Amino acid sequence: MFDLKCKRTGCIHNKNCNCTAENVDVRKDTTCKTYAPSNEAEVGEVEKVGQPPMRKNIEVDCKANCIFNTNYICTANGITVQTCGVGDERKCPLCCTYQPK
């Protein structure tokens, strides 16, 4: 998967809305297991604007009951991981590309 967008601020893998993790693991409840908090303050609004893909193709492991899940590998052309609203932190960040089977 080449197009891997992430709007979860405060993650060490998020660089201008592009995920730079070497691998990504989406849990059964569609949360991103790869999320890791950064030591830096939250990024400013200008850094939240999505940028063109800047990464190599990677495999995304997925355990969700999703139409894109084939043998626990995501087969979507790209995914977007979204930050959660206030009160939703227990299930955050979420894969917004999820489509139930």
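Just so we're clear, the structure is a prediction, and the values are computed from it rather than from any experiment.
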Tyr35: partners by side-chain hydrogen bond (donor to acceptor under 3.5 Å, both in side chains), with sequence neighbours left out: Arg8
Partners passing side-chain contact (heavy atoms from CB on, under 4.5 Å) against Asp25 (at least two apart in sequence or in another chain): Lys33, Thr34, Asp61, Lys63
Fellow cluster residues of Phe68, listed by chain then number, with links counted only when side-chain atoms sit under 4.5 Å apart: Ile67
Reported OG1-to-OH distance for the pair Thr31 and Tyr98, which is rounded to 0.5 angstrom: 12.0 Å
Spacing of His13 atom NE2 and Glu22 atom CD [to the nearest 0.5 Å]: 9.5 Å
Pairs touching residues 66-78 that satisfy salt bridge (Lys or Arg N to Asp or Glu O under 4.0 Å), sequence neighbours left out: none
Closest approach of Asn14 to Cys17 (non-hydrogen atoms, all atoms of both residues): OD1-N, 2.9 Å
Test log, rule side-chain contact (heavy atoms from CB on, under 4.5 Å), inputs Ile79 and Cys74: CA-CA 9 Å; Ile79 66 171; Cys74 181; 3.8 Å; yes
Identified side chain to side chain contact (heavy atoms under 4.5 Å, CB included) counterpart of Thr30 within the set Thr97, Leu94, Val81, Asn65: Leu94
Check: Leu4 and Asn18 side chains under 4.5 Å, non-hydrogen atoms: no
Val26 to Cys95 - nearest heavy-atom pair and separation: CG1-CB, 4.2 Å
SG-CZ distance between Cys32 and Arg27, expressed to the nearest 0.5 angstrom: 8.5 Å
Nearest non-hydrogen partners of Asn71 and Asn69, listed with the distance: N-OD1, 3.8 Å
